[in-house]
Amino acid sequence: MPAALEEVIPRSDHHLVTTAPPHPHESDRLASVSSYRCAESVGDPALQALVEAAARSLGTPVAGLTLMGETEQQLLARVGVPAQALPRHLSLCTHTVSGARPVVVGDTRADTRFADHPLVAGEQRVRAYAGVPVFGRDGLPVGSLCVVDVRTRDFGAADVALLEQLARAAAGLLELHRHDAGAGLAGRDVLAESLRLRRAVEDGELRVHYQPVVDLRTGRVAAVEALVRWQHPAEGLLPPGRFVPVAEASDLVVALGRHVLTEACRQVAAWRAAGPATAGLRLAVNASGRQLAEPGVVGAVQHALSAAGLPADALTLELTETALVHGADVQPALRRLRGTGVRLALDDFGTGYSSLAYLRDFPVDEVKVDRCFTAGLGTSARSGTITAASVHLAHELGCEVVVEGVEHAGQLAHVAALGARYAQGYLLAPPRAAAECDLTATWPVHVGTARSASAPAARHPRGPVRELHHDAAS
Ligand code: C2E
Ligand code: MG
Ligand code: MG
């Protein structure tokens, strides 16, 4: 390719390019892009090695790893590309990033998005393109990994899978170049940590704790949410916030998720078999976007259920909005899973980029109102209004509601008065190891019995509410 791209892409040609629409969350996506130290990443030998591996494996003369800014695409690592930056509207990868899914074009001249592109129609003769998005920590596509050929050719599923694997590795490396050093994964040796975590999964160091979800109509435990922990040999019991992001930066989260699902299904089946009080116990498991985008996810869930002898409708998969940002990839799997009887919940409702759009587009059975709203119940009128509106909205859409993060009796009374059927929080029970869970306790709480937002819900002073509140605080 010529040394100066601007020489071969005259400004007058710009109007010919079929531009991609912006990503649905473009401003959040751009914020995510700007959280990476782009200049520092350029020339990173590990990123360069990944791009060279892509070109070598797929046998293409050109490959690149990009960060897609508002007006410009930066190439962090490249093979066969002379320029480090390209105007965004002239980037072939803009379609990959905007759509947040792989774009594979065996013959660019036969594709309306590319046929008139100066790099296709001009002397560069770009004839084939394959690109996959690179997802940042927030689950938004920050850039792409792509290969380009000067002859038409087929790219197979294995080629795309390889690119996706390399893109995940690149995403993990990019975490080392974030502005918010000290927070999240920044400043941490993600590769070393993910290797250590992989061994931990294999060596059985992961633990599953369970937090009850209480049915406010009966006062009984209706379900448990499985919450993963890492029993680290040196650092003790680590919460998921310390290691799930590392797992999510690679495909390790798939193995982690399967482990949690298998173990939790087995445990809940044992509880259901233990007696009539827990015979109808349901299980909620958190799922990450990458897990749901995995081709074998439906079979893996069915296998975990059948191995434990658990009916599909005993399982709810909790999806955060970050998981759903991979929307285009996960929709089919979610619909198939729901077709098998598995329930779906929208977790942390109200905290993501576009909660309402997700509620409109995804077939969920349950909404979990985030604990940041619960925390303000009784003290912040605005939190009260948002919680009430969320409960009402979910009910109108035919969804069940779980209010998370209930820590005080006043909050529980408020939740009950709003008509939400389910509550979860330290007041009722904190997450605990299976052996320490008491799932037969009942709470003296009933929907509609609370007299006002500030009325105490625990009418029996010796009931479990008091005792567990004491436990959680200790
Ligand atoms: P989440 O799914 O929203 O889980 C609820 C979190 O809120 C848990 O934190 C729980 O301990 C905490 N919590 C429960 N009641 C209260 C309360 O009354 N007050 C307060 N302040 N917090 C409460 P945890 O266990 O640290 O989990 C954090 C997040 O990690 C989870 O949020 C979930 O998104 C993720 N996670 C946990 N386990 C898994 C897993 O197996 N796979 C995946 N992909 N993510 C997981
Ligand atoms: Mg959850
Ligand atoms: Mg939550």
Side-chain angles (χ1 to χ4, degrees), residues 137-139 184 197 200-201 206-214 223-230 237-265 267 282-294 297 300-301 304 315-324 326 330 343-352 355 364 366-377 390 401-412 415 422-433 437 465 468-469 471-473:
R137 187 175 63 183
D138 342 40
L197 182 55
V201 176
L206 293 187
R207 302 282 177 271
V208 184
H209 282 196
Y210 299 89
Q211 184 174 33
V213 177
V214 173
V224 286
E225 178 174 1
L227 293 159
V228 69
R229 275 94 179 89
W230 177 5
L237 198 65
L238 300 181
R242 281 283 301 281
F243 61 92
V244 168
V246 171
E248 280 176 339
S250 69
D251 56 2
L252 186 52
V253 77
V254 175
L256 180 147
R258 284 191 187 174
H259 174 86
V260 173
L261 183 66
T262 306
E263 172 58 21
C265 284
Q267 179 59 59
R282 297 207 313 258
L283 166 66
V285 174
N286 294 283
S288 80
R290 188 155 279 168
Q291 232 179 308
L292 295 167
E294 194 64 13
V297 64
V301 170
L315 176 67
T316 303
L317 289 180
E318 295 193 1
L319 321 162
T320 58
E321 292 167 30
T322 308
L324 296 178
H326 293 261
V330 304
R343 291 159 49 88
L344 303 178
L346 193 53
D347 203 355
D348 303 344
F349 181 70
T351 59
S355 306
V364 294
E366 186 180 297
V367 166
K368 298 193 79 173
V369 178
D370 190 72
R371 63 176 182 266
C372 71
F373 301 114
T374 318
L377 288 182
S390 302
V401 179
V402 179
V403 177
E404 300 185 279
V406 176
E407 297 182 352
H408 307 294
Q411 293 168 345
L412 186 62
V415 169
Y422 300 99
Q424 181 179 356
Y426 292 162
L427 173 72
L428 301 160
R432 289 191 172 108
C437 290
V465 168
L468 289 170
H469 184 36
D471 285 354

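Nothing here was measured: the structure is a model prediction, and the numbers come from that model. Counting from 1, the numbers follow the sequence of the chain as shown. Below, all heavy atoms of this structure are taken into account, side chains as well, without hydrogens, waters or symmetry copies. Both counts, for ligands and for their atoms, begin at 1 and track the order of listing.
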*Atoms of ligand 1 close to Glu318 [distance to a heavy atom under 4.0 angstrom, numbered from 1]*: 2 (O)
_Under 4.0 Å to a heavy atom of Gly425 - the qualifying atoms of ligand 1, by number_ =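 Matching atoms, with element in brackets: 15 (N), 18 (O).
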Answer side chain, backbone, both or neither: which part of [X] comes under 4.0 Å from ligand 1, heavy atoms only.
X	value
Asp348	side chain
Val260	side chain
Glu225	side chain
Asp347	side chain
Glu404	side chain
Gln424	neither

Measure the spacing between [atom1] of [X] and [atom2] of [Y] and express it to the nearest 0.5 Å.
X	Y	atom1	atom2	result
Thr262	Gln267	OG1	CD	13.5 Å
Leu206	Glu263	CG	CD	10.0 Å
Leu252	Arg290	CG	CZ	10.5 Å

[X]: heavy atom below 4.0 Å from ligand 1, yes or no?
X	result
Arg229	yes
Pro431	yes
Gly405	yes

Starting from [atom], which protein heavy atom do you reach first, and at what distance in Å?
atom	answer
atom 21 (N) of ligand 1	Glu407 OE2, 3.0 Å
atom 31 (C) of ligand 1	Leu227 CD2, 4.2 Å
atom 27 (O) of ligand 1	Pro240 CG, 3.3 Å

*Should the pair Lys368-Glu225 be classified as a salt bridge under the 4.0 Å nitrogen-to-oxygen rule?*
yes
*Tell me which one of His259, Gln211, His209, Arg242 gets a heavy atom nearest to atom 15 (N) of ligand 1.*
Gln211
*asked:* For a distance under 2.8 Å, give residue and atom name for each protein N, O or S atom next to the Mg ion (ligand 2).
replied: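 Less than 2.8 Å away from the Mg ion (ligand 2) sit Glu225 OE2, Asn286 OD1, Glu318 OE1, Asp347 OD2.
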*Would a search of protein heavy atoms around atom 7 (O) of ligand 1 find one under 4.0 Å away?*
yes
*Flag atom 4 (O) of ligand 1 as yes if some protein heavy-atom distance to it falls below 4.0 Å, otherwise no.*
yes
*Verify, without hydrogens or angle tests, whether Thr374 (side chain) and Glu404 (backbone) share a donor-acceptor contact under 3.5 angstrom.*
yes
